[in-house]
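See structure below.
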Amino acid sequence: MKIGLIGTPSSGKTTVFNALTGHQAPVGGRGGKLNLAVVKVPDVRVDRLSAICKPKKTTWAQLTFADFPGQTNLRSLDAEVATLMRDFDALALVLGAFASDPRKDLLAVEAELLFADLALIEKRLERLAKEKPRPEEKAALTRLHKHLLSDRPLRTAGVTDDERKILSGFSLLSLKPMLYVVNVAEADALQNVEADDGENRV
């Protein structure tokens, strides 16, 4: 599975990336560098089966993490970055709750994903207008275009299985599963741990 970390500059994306992968990518920069890492996922069940079957090679599952360059302005999502994001199975939006308003950043980044999908769908609809389109494709794209114009991501559009088959080649960003990671200050994190009564600790 491939998971892309996205967010605004200084949200803590690279810090989260380093914590997940064990890498030491430089933090605090505002450059356009993409950090990439593959992490093996140990599984005791696989180890037990390997001990029984004794295969020549035992392969654990792997997760690929990418730390994408931070986005700062609406409609500013770089086309090359958007293309790279489309190749990922899910996105994780890192929200820095220590230096800015996380809700504002959430809306800004989500808007960039919406605009990228909107441009892609509009381009396809323009082509379909000059061709003889499949009715089901035109109907699906028209419905989702209207949904995007209401400023809502496609993951909230109730996309059907048939529509997903039609859209499979588009890799729409706002349709991908999204995990929200709220990055709080270390002092706040420690305070939350101290306030825990112990029943919900893991």
Side-chain angles (χ1 to χ4, degrees), residues 1-21 25 27 32 34-39 41 61-122 124 140-141 143-184 189 202:
M1 186 174 186
K2 301 171 72 175
I3 302 173
L5 302 176
I6 62 174
T8 59
S10 302
S11 62
K13 291 186 297 83
T14 305
T15 299
V16 174
F17 172 83
N18 288 339
L20 290 170
T21 64
V27 300
L34 170 71
N35 297 309
L36 194 66
V38 177
V39 179
V41 183
Q62 293 183 338
L63 290 176
T64 298
F65 289 100
D67 170 24
F68 286 101
Q71 301 300 310
T72 56
N73 300 306
L74 296 181
R75 301 178 185 269
S76 69
L77 184 59
D78 182 87
E80 184 177 351
V81 174
T83 299
L84 291 172
M85 284 184 183
R86 295 189 192 284
D87 191 40
F88 280 69
D89 303 304
L91 299 174
L93 175 53
V94 180
L95 300 165
F98 46 84
S100 61
D101 181 355
R103 176 174 171 76
K104 181 180 178 181
D105 290 346
L106 185 154
L107 294 175
V109 175
E110 283 275 33
E112 291 179 10
L113 303 183
L114 297 186
F115 286 133
D117 285 350
L118 194 61
L120 189 65
I121 289 179
E122 287 179 346
R124 179 56 181 167
L141 291 176
R143 184 179 85 81
L144 298 182
H145 181 262
K146 183 178 180 180
H147 188 84
L148 287 171
L149 288 176
S150 67
D151 293 330
R152 292 178 294 168
L154 294 179
R155 75 183 75 90
T156 67
V159 177
T160 66
D161 290 340
D162 288 339
E163 287 175 329
R164 286 186 182 275
K165 291 178 182 178
I166 294 170
L167 300 169
S168 60
F170 292 91
S171 297
L172 296 164
L173 296 176
S174 69
L175 185 58
K176 295 181 182 295
M178 178 75 83
L179 174 67
Y180 300 97
V181 181
V182 181
N183 189 13
V184 300
V202 293

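For the single chain, residues carry numbers from 1 onward in sequence order.
- Put simply, the side chain of Val181 does not reach to within 4.5 Å of the side chain of Leu93, judged on heavy atoms.
- The two residues Leu154 and Val159 have their closest heavy-atom pair at O-CG2, 3.8 Å.
- Applying the 6.0 Å contact sphere to CD of Glu80 captures no more than 12 heavy atoms from other residues, nucleotides or ligands.
- When the side-chain contact (heavy atoms from CB on, under 4.5 Å) test is applied to Ala140, the partners found at least two apart in sequence or on another chain are Glu163, Ile166.
- At least one donor-acceptor pair under 3.5 Å links the side chain of Asp117 to the backbone N or O of Ser174.
- The two residues Val94 and Gly12 have their closest heavy-atom pair at CG1-C, 4.0 Å.
- Here Glu122 pairs with His145 under the side-chain hydrogen bond (donor to acceptor under 3.5 Å, both in side chains) rule; sequence neighbours left out.
- Considering all non-hydrogen atoms of both residues, Leu114 and Pro153 come closest at CD2-CA, 3.3 Å.
- Put simply, the side chain of Thr64 does not reach to within 4.5 Å of the side chain of Ile3, judged on heavy atoms.
- Taking Ser168 as the reference, nothing meets the side-chain contact (heavy atoms from CB on, under 4.5 Å) condition, with sequence neighbours excluded.
- Residues meeting the side-chain hydrogen bond (donor to acceptor under 3.5 Å, both in side chains) test with Ser150, sequence neighbours left out: Arg152.
- Residues passing the side-chain contact (heavy atoms from CB on, under 4.5 Å) test with Leu120 are Arg86, Phe170, Leu172, sequence neighbours excluded.
- In this structure the side chain of Val109 reaches within 4.5 angstrom of the side chain of Thr8, judged on heavy atoms.
- By the salt bridge (charged side-chain N to carboxylate O under 4.0 Å, His left out) test, Arg155 is found to be paired with Glu110, residues two or more places apart in sequence or in another chain being considered.
- Counting all heavy atoms, side chain and backbone alike, Ala157 lies closest to Arg143 at O-NH1, 3.1 Å.
- Listed by chain and number, the residues in a side-chain hydrogen bond (donor to acceptor under 3.5 Å, both in side chains) with Ser11 amount to none (sequence neighbours excluded).
- Using a 4.5 Å heavy-atom threshold, the side chains of Ile6 and Leu113 count as touching.
- For Ala37, the side-chain contact (heavy atoms from CB on, under 4.5 Å) criterion is met by Phe17, Thr21, His23, not counting sequence neighbours.
- Partners of Thr156 under the side-chain hydrogen bond (donor to acceptor under 3.5 Å, both in side chains) rule, at least two apart in sequence or in another chain, are His147.
- With sequence neighbours excluded, the residues forming a salt bridge (charged side-chain N to carboxylate O under 4.0 Å, His left out) with Asp87 are Lys2, listed by chain and number.
- With hydrogens and angles disregarded, a donor-acceptor distance shorter than 3.5 Å links the side chain of Asn18 to the backbone of Ala25.
- When the salt bridge (charged side-chain N to carboxylate O under 4.0 Å, His left out) test is applied to Arg164, no partner is found at least two apart in sequence or on another chain.
- Under the 4.5 Å side-chain criterion, counting only non-hydrogen atoms from C-beta, Leu63 is not in contact with Val38.
- Residues satisfying the ring pair (Phe, Tyr, Trp, His ring centres under 6.0 Å) test with Phe65, not counting sequence neighbours, are none.
- Contact between Ala66 and Leu36 at its shortest, heavy atoms only, is CB-CD1, 3.7 Å.
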